[in-house]
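In what follows, a single structure is set out as structure tokens and then discussed.
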Amino acid sequence: NSHFVWTAQNAVTLAALATGYYAGGRIADLSPRPTPMYAAILGAAAYLGLTVLVVEPVAYWCLKFNLAVGSLLASAFLYFVPLALLAMTGPFFIRVLTVAVSGVGGNVGRLSAIGTLGSFAGTVLIGYVLIPYQRNSVTMYATAAALVAVVALYFIIWGRPGAQGGSALAAGIAAALALGALGVARDARATFAGMDEIYRGNSNFGQLQVVDARDDSRRMYLNDFLTQNTFDTRTGQSMSMFSYMLHGLAHAYNPRVDDVLCIGLGVGIVPMQFAREGVRVDVVEINSAVVPVATGYFDLDPARLNIIIGDGRPYVNSTNQRYDAIVLDAFLGDSSPSHLMTREAFAGMRRILKPGGVLVINSFCDFEPGTDFLAGSLDKTLKSVFANVRIHAAGNGNVFFVASDQPNLHLLGEPDYEAVHAYARIDVVEAFAGIMHTNPNSGIILTDDYNPIEYYDAGNRELFRRYLAQAMQKK
């Protein structure tokens, strides 16, 4: 979800449209017969079927390159050809429908309006129906099948191809449908190295998966192939260090925690830790699809929490509830949404904290010179709002910021380390002891008006995403 990926998508789309418009216009001038146009649509369907089959090896091959180049190469391979072929239809339709120069403007206007309405309908259908409720491979295959249907209807009703043309048509339709079907079947059988997939579903915020290890009791929750939490099905405990840190730091810096706000549910482990202690917990979660996954596979009991489905920033701005602790653990893949990391966002969080309350943030930061923009910026931004800020880290990537209006912010105690899962215990001990400091010359105060962390932290996020993607590479 980085700007590099979106830039690559947009650049390839525009280049493909320009190529298709030009080629379509040239071919339409050679012959006004629409048969070549429908052949292009069939070619696009066949290519889409191919992408369903080969998208995974292509994407992993592109991991050899940096994010900007890899995104551009993957987008070009997967989308350039079908987009260019489909873009050829516009000039063809204009040429076929134009019988006099005086009618060109009306034809272009009508076709542009119809095309725009079609784009609107397709966007709504795909964005609100297909992507949230179907696997990506099925959505793409359905698109290819719809294109095949358009071609078949034309030739059945109007085209009347000869014997040779009919054979070629049948072969093209069969190839498009077969390639896509093979890709869908392969996607349905997908397995990870040493893991069994027990749940997969799309949502408005990416693909959600639950996988179990074959050789032990680990269960992992993935969002777009990135590990979000690890759970021991035998003990019912989290195996991820950050779960213990978020809960433990709230108690360690505030002796009385009765009301907690968690921005980001995850799979509910941290909110449930507070709830089991009798704490009143509000949770703001933007992705409603996470709740049934957390309930079904990670022991979440929604009845013990007040779950609000929505974005954390509007909730913070509108609520009158006050909290002893706010836990900010909202992630879109490998990073927190930037609009939750500004001076204005933190000021809203301070407003709803009780006197002496603490804000605990889970993030991924680096402290090395040249790669410490995010760490320095978060430190500066928090200090522009709160009286005191402390930073904990164990050197494994997770960095925890604690901010409060307490005049002397210091640890009041440490968690019971024996209650921490053995898999995470050493990291938790090190993180509680590991107080970090940022370079005062690094970073800026982030504001709603200027917040470039996605650009300056892109290198760190790319390394982390690459590591997780390769770690979960399928067989």
Side-chain angles (χ1 to χ4, degrees), residues 1-28 36-56 58-59 61-63 65-94 108 111-132 134 136-148 150-151 176 179-180 183 202 204-207 224 332-333 454-455 458 462 465:
N1 59 3
S2 74
H3 73 280
F4 289 114
V5 174
W6 288 113
T7 298
Q9 298 278 7
N10 292 334
V12 168
T13 297
L14 294 172
L17 293 177
T19 302
Y21 293 150
Y22 178 80
R26 291 292 300 271
I27 296 173
M37 177 182 65
Y38 286 95
I41 295 174
L42 181 58
Y47 198 94
L48 287 176
L50 175 66
T51 65
V52 177
L53 183 62
V54 303
V55 57
E56 184 181 314
V58 167
W61 177 78
C62 289
L63 283 176
F65 307 93
N66 66 42
L67 181 60
V69 174
S71 298
L72 190 62
L73 288 174
S75 297
F77 182 88
L78 296 171
Y79 305 127
F80 182 87
V81 171
L83 282 173
L85 288 171
L86 293 173
M88 292 170 60
T89 60
F92 262 111
F93 270 123
I94 293 171
V108 172
L111 285 173
S112 297
I114 292 171
T116 302
L117 288 174
S119 297
F120 169 77
T123 299
V124 171
L125 174 65
I126 291 173
Y128 291 110
V129 179
L130 292 176
I131 287 179
Q134 291 292 338
N136 296 332
S137 59
V138 173
T139 296
M140 192 64 77
Y141 184 49
T143 305
L147 294 174
V148 165
V150 169
V151 175
L179 287 169
N202 271 19
N204 289 325
F205 297 90
Q207 180 176 263
D224 284 340
L332 286 175
E454 290 188 8
Y455 177 81
E462 177 186 350
R465 177 175 286 267

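Computed from heavy atoms alone, side chains included, the values below leave out hydrogens, waters and symmetry copies. All of these numbers come straight from a predicted model, not from anything done at the bench.
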Task: Shortest non-hydrogen contact between Ala87 and Gly20, atoms and distance - done: CB-CA, 3.8 Å

Open item on the list: Less than 4.5 Å apart, side chain to side chain, heavy atoms only: is that true for Leu73 and Trp61?
Closed with: yes

Open item on the list: Would you compute the distance between atom OG1 of Thr139 and atom CG of Leu48 and round it to the nearest 0.5 angstrom?
Closed with: 12.0 Å

Open item on the list: On a heavy-atom basis, which atom in Gly127 and which in Asn204 lie closest, and how many Å separate them?
Closed with: O-OD1, 4.0 Å

Open item on the list: Could you check whether any side-chain heavy atom of Ile41 comes within less than 4.5 Å of a side-chain heavy atom of Leu86, counting everything from C-beta outward?
Closed with: yes

Task: Pairwise side-chain contact, Phe92 with Ile27, heavy-atom cut-off 4.5 Å (strictly under) - done: yes

TODO: Side-chain contact test, heavy atoms from C-beta onward, threshold under 4.5 Å: evaluate it for Thr51 versus Tyr79 and give yes or no.
DONE: no

- [ ] Could you tell me which non-hydrogen atom of Leu85 sits nearest to which non-hydrogen atom of Gly43, and how far apart they are?
- [x] CD1-C, 3.7 Å

Task: Pair Leu130-Leu125, side chain to side chain contact (heavy atoms under 4.5 Å, CB included): steps then yes or no - done: CA-CA 6 Å; Leu130 292 176; Leu125 174 65; 4.2 Å; yes

Open item on the list: Can you give me the closest heavy-atom contact between Val12 and Ala76, atom names plus distance?
Closed with: CG2-N, 3.7 Å

- [ ] State whether the side chain of Asn202 and the backbone N or O of Gln207 hold a donor-acceptor pair below 3.5 Å, judged by distance alone.
- [x] no

Task: Minimal non-hydrogen separation, Val5 against Ser71, with atom names - done: CG2-OG, 3.6 Å

Open item on the list: I want to check something: taking the side chain as every heavy atom from C-beta on, are Val108 and Ile94 in contact at a cut-off of under 4.5 Å?
Closed with: yes

TODO: Output the distance between atom CG (Leu50) and atom CE (Met140), rounded to the nearest 0.5 Å.
DONE: 11.5 Å

- [ ] Of all the heavy-atom pairs spanning Val151 and Leu42, show the shortest one and how long it is.
- [x] CG2-N, 3.7 Å

Open item on the list: For a side chain to side chain contact (heavy atoms under 4.5 Å, CB included) check, start with the C-alpha distance between Leu179 and Tyr47, then their side-chain angles and the critical distance, and finish with the verdict.
Closed with: CA-CA 9 Å; Leu179 287 169; Tyr47 198 94; over 6 Å; no

